Amino acid sequence: MRKYIVLLGPPGAGKGTQAKVISEKMNLPHISSGDIFRENIKNQTELGKLARGYMDKGELVPDDVTIAMIKDRLTRPDCSAGALLDGFPRTPAQAEALSDMLKSLDGRVIAVPYISVPEADLIERLAGRWTCRASGHVFHQKFNPPQKAGQCDFDGSELYQRDDDKAETVTRRIRVYMEQTTPLVEFYQAAGLLREVDGRNPIEAVTASMLAILAENKTI
Ligand code: ADP
Ligand code: AMP
């Protein structure tokens, strides 16, 4: 049976940051829908052109497009044992679609860590986020600075500030999260899979809580 972990939490909660560590520990590929969209924008694909219009405004890319993209990604060979999902699902329709996909893949969501962080902290986190061009490693100018300014510690690539991390877009993204994604907290709670983690703690402490949860769940 394939194993899937779904990371939930608002934009800036620390999903991508934690995913890098958990993915290694669990030996599951880190699948970030946002990273796939950004890769498509970089490569100027049709999907990238379509997604960009929504992303620049802080809106969600339509469900049909996003679901088709993830379906394609989850059927690739590197996902043969499952995956760590970051940023997908983000709407009830996407969560239903994931359940259907997993039926045909003989897979199961085994845990849903939910990283909770108050809205006031999210703005500061996103305003100070620096992302690596090559593979989406994230840093923060104050909370997790790179060793050398402007350069990724892991692969030496350039760090940049995402267009959608501008204050106006961040406010919209948080609203969109509240309206469209928070119903998933209840969805996964009802399924007995949700485990809340206090995301206000320092990065290493959040990692420790997440690993403890996964170990307790016998998922590691
Ligand atoms: P998400 O993937 O949920 O949008 P990220 O992992 O990209 O969030 O984190 C957003 C920003 O907050 C990044 O700049 C990251 O370095 C920083 N960050 C992540 N976790 C913490 C934390 N526990 N405390 C302080 N800053 C954090
Ligand atoms: P993220 O990298 O997760 O912060 O996502 C950046 C942007 O990509 C979001 O604001 C959306 O526009 C788009 N996006 C990422 N994942 C999804 C998804 N599951 N559904 C719809 N849009 C998404």
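Just so you know, ligand 1 is whichever comes first in the structure, and atom 1 is the first atom listed for that ligand. The first residue in the sequence is number 1, and the count goes up from there. Note that the structure is predicted; figures quoted are calculated from it, not measured.
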Open item on the list: If you measure every N or O of Val138 against every N or O of ligand 1, does any of those distances drop under 3.5 Å?
Closed with: no
Task: Within-shell test, Pro10 vs ligand 1, heavy atom, strictly < 4.0 Å - done: yes
- [ ] Pick one of side chain, backbone, both or neither for how Ile115 approaches ligand 1, counting any non-hydrogen atom pair under 4.0 Å.
- [x] neither
- [ ] Any atoms of ligand 1 less than 4.0 Å from a non-hydrogen atom of Thr17? List them with their elements.
- [x] 5 (P), 6 (O), 9 (O), 15 (C), 19 (C)
Task: Side chains of Leu74 and Leu98 in contact at under 4.5 Å (non-hydrogen atoms) - done: yes
TODO: Please identify which atoms of ligand 1 are closer than 4.0 Å to at least one heavy atom of Gly199.
DONE: 23 (N)
Task: atom 8 (O) of ligand 1: the protein heavy-atom neighbour that sits closest, reported with distance to 0.1 Å - done: Gly14 N, 3.1 Å
TODO: Enumerate the atoms of ligand 2 whose separation from the nearest heavy atom of Gly87 is less than 4.0 angstrom.
DONE: 16 (N), 17 (C), 18 (C), 19 (N)
Task: Ligand-residue contact atoms, ligand 1 with Phe143, heavy atoms, under 4.0 Å - done: 25 (C), 26 (N)
Open item on the list: If the cut-off is 4.0 Å to any non-hydrogen atom of Thr66, which atoms of ligand 2 fall inside it?
Closed with: 18 (C), 19 (N), 20 (N), 21 (C)
- [ ] Would you kindly specify which portion of Pro202 sits under 4.0 Å from ligand 1, judged on non-hydrogen atoms: side chain, backbone, both or neither?
- [x] backbone
TODO: Could you tell me whether some N/O pair between Asn201 and ligand 1 is separated by less than 3.5 angstrom?
DONE: yes
- [ ] Starting from atom 2 (O) of ligand 1, find the nearest protein heavy-atom neighbour and note its residue, name and distance.
- [x] Gly16 N, 2.8 Å
TODO: Please write down residue, atom name and distance for the protein heavy atom closest to atom 12 (O) of ligand 2.
DONE: Glu59 O, 2.6 Å
Task: For Ser33, the ligand 2 atoms whose distance to one of its heavy atoms is below 4.0 Å - done: 15 (C), 16 (N), 17 (C), 19 (N)
TODO: Determine yes or no for a side-chain-to-main-chain donor-acceptor pair under 3.5 angstrom, with Gln18 supplying the side chain and Ile203 the backbone.
DONE: yes
TODO: Please say whether Val206 places an N or O atom under 3.5 Å from an N or O atom belonging to ligand 1.
DONE: no
TODO: Using distance alone, determine whether Gly128 and ligand 1 share an N or O pair under 3.5 Å.
DONE: no
Task: Rounded distance (nearest 0.5 Å) linking atom CD of Glu46 with atom CG of Asn40 - done: 10.5 Å
- [ ] State whether a side-chain donor-acceptor pair under 3.5 Å links Asn43 with Thr45.
- [x] no
Task: Closest approach of any protein heavy atom to atom 23 (C) of ligand 2, naming residue and atom - done: Phe37 CE1, 3.7 Å
Open item on the list: Pair Val185, Glu196 - check side chain to side chain contact (heavy atoms under 4.5 Å, CB included), show working.
Closed with: CA-CA 9 Å; Val185 171; Glu196 187 163 351; over 6 Å; no
Open item on the list: Check for me whether Lys15 has a heavy atom closer than 4.0 Å to any atom of ligand 2.
Closed with: no
TODO: Below 4.0 angstrom from a heavy atom of Arg38, which ligand 2 atoms are there? Numbered from 1 as shown, please.
DONE: 2 (O), 6 (C)
TODO: Could you find the nearest protein heavy atom to atom 22 (N) of ligand 2 and give me its residue, atom name and distance?
DONE: Val61 N, 3.0 Å
- [ ] Just need the protein heavy atom nearest to atom 8 (O) of ligand 2, so name the residue and atom and give the distance.
- [x] Met55 CE, 3.4 Å
Task: Where ligand 2 meets Gln94 - atom numbers and elements under 4.0 angstrom, heavy-atom basis - done: 18 (C), 19 (N), 20 (N), 21 (C)
- [ ] Just do the side chain to side chain contact (heavy atoms under 4.5 Å, CB included) check on Val6 and Phe88 with the steps written out, would you?
- [x] CA-CA 7 Å; Val6 170; Phe88 181 92; over 6 Å; no
Open item on the list: Taking 4.0 angstrom as the limit and counting only heavy atoms of Ala13, give me the atoms of ligand 1 inside it, by number and element.
Closed with: 3 (O), 8 (O)
- [ ] Check for a donor-acceptor pair, side chain of Gln161 on one end and backbone N or O of Ala127 on the other, with a separation under 3.5 Å.
- [x] yes
- [ ] Examine Arg162 against ligand 2 and note whether any of their N/O atoms are separated by less than 3.5 Å.
- [x] yes
Open item on the list: Taking the side chain as everything from C-beta on, heavy atoms only, tell me whether Asp163 gets closer than 4.5 Å to Arg52.
Closed with: yes
Open item on the list: Tell me the nearest of Arg200, Arg125, His140 to atom 16 (O) of ligand 1, using heavy-atom distances.
Closed with: His140
Open item on the list: Heavy-atom contact check, 4.0 Å cutoff: does Lys57 meet ligand 2?
Closed with: no
Open item on the list: Please evaluate residues Thr169 and Asp56 with respect to the criterion side chain to side chain contact (heavy atoms under 4.5 Å, CB included), reporting the C-alpha separation (whole Å), side-chain torsions for both, the decisive distance (0.1 Å), and the verdict.
Closed with: CA-CA 7 Å; Thr169 320; Asp56 283 350; over 6 Å; no
Open item on the list: Please list the nearest protein heavy atom to atom 14 (O) of ligand 1 with its residue and the distance rounded to 0.1 Å.
Closed with: Phe139 O, 2.8 Å
Open item on the list: Tell me whether Arg125 contacts the main-chain N or O of Gly12 through its side chain, where contact means a donor paired with an acceptor under 3.5 Å.
Closed with: yes
Open item on the list: We want to know whether Asp155 and Ser135 form a side-chain donor-acceptor pair, criterion being a heavy-atom distance below 3.5 angstrom.
Closed with: yes
Open item on the list: Whether the side chain of Arg2 engages the backbone of Leu105 through a donor-acceptor N/O pair (distance < 3.5 Å, no angle test) should be reported.
Closed with: yes
TODO: Taking Arg173 for its side chain and Asp164 for its backbone only, find out whether a donor-acceptor pair lies under 3.5 Å.
DONE: yes
- [ ] Have a look at Arg90, Met69, Arg173 and point out the one with the heavy atom closest to atom 5 (O) of ligand 2.
- [x] Arg90
Open item on the list: Side chains of His137 and Asp153: any donor to acceptor distance under 3.5 Å?
Closed with: no
TODO: May I ask you to check whether Arg129 has an N/O atom sitting below 3.5 Å from an N/O atom of ligand 1?
DONE: yes
Open item on the list: Please determine whether the number of non-hydrogen atoms from other residues, nucleotides or ligands lying under 6.0 Å from atom CD of Glu168 exceeds 12.
Closed with: yes
Open item on the list: Give me the nearest non-hydrogen protein atom to atom 4 (O) of ligand 1 as residue plus atom name, then the distance to 0.1 Å.
Closed with: Gly12 N, 2.8 Å
Open item on the list: So, taking the atom named CG in Asp63 and the one named CZ in Arg90, what distance separates them when rounded to the nearest 0.5 Å?
Closed with: 11.5 Å
- [ ] Before giving the answer on side chain to side chain contact (heavy atoms under 4.5 Å, CB included), spell out for Leu28 and Tyr4 the whole-Å C-alpha distance, their side-chain angles and the decisive distance to 0.1 Å.
- [x] CA-CA 8 Å; Leu28 289 175; Tyr4 298 83; over 6 Å; no
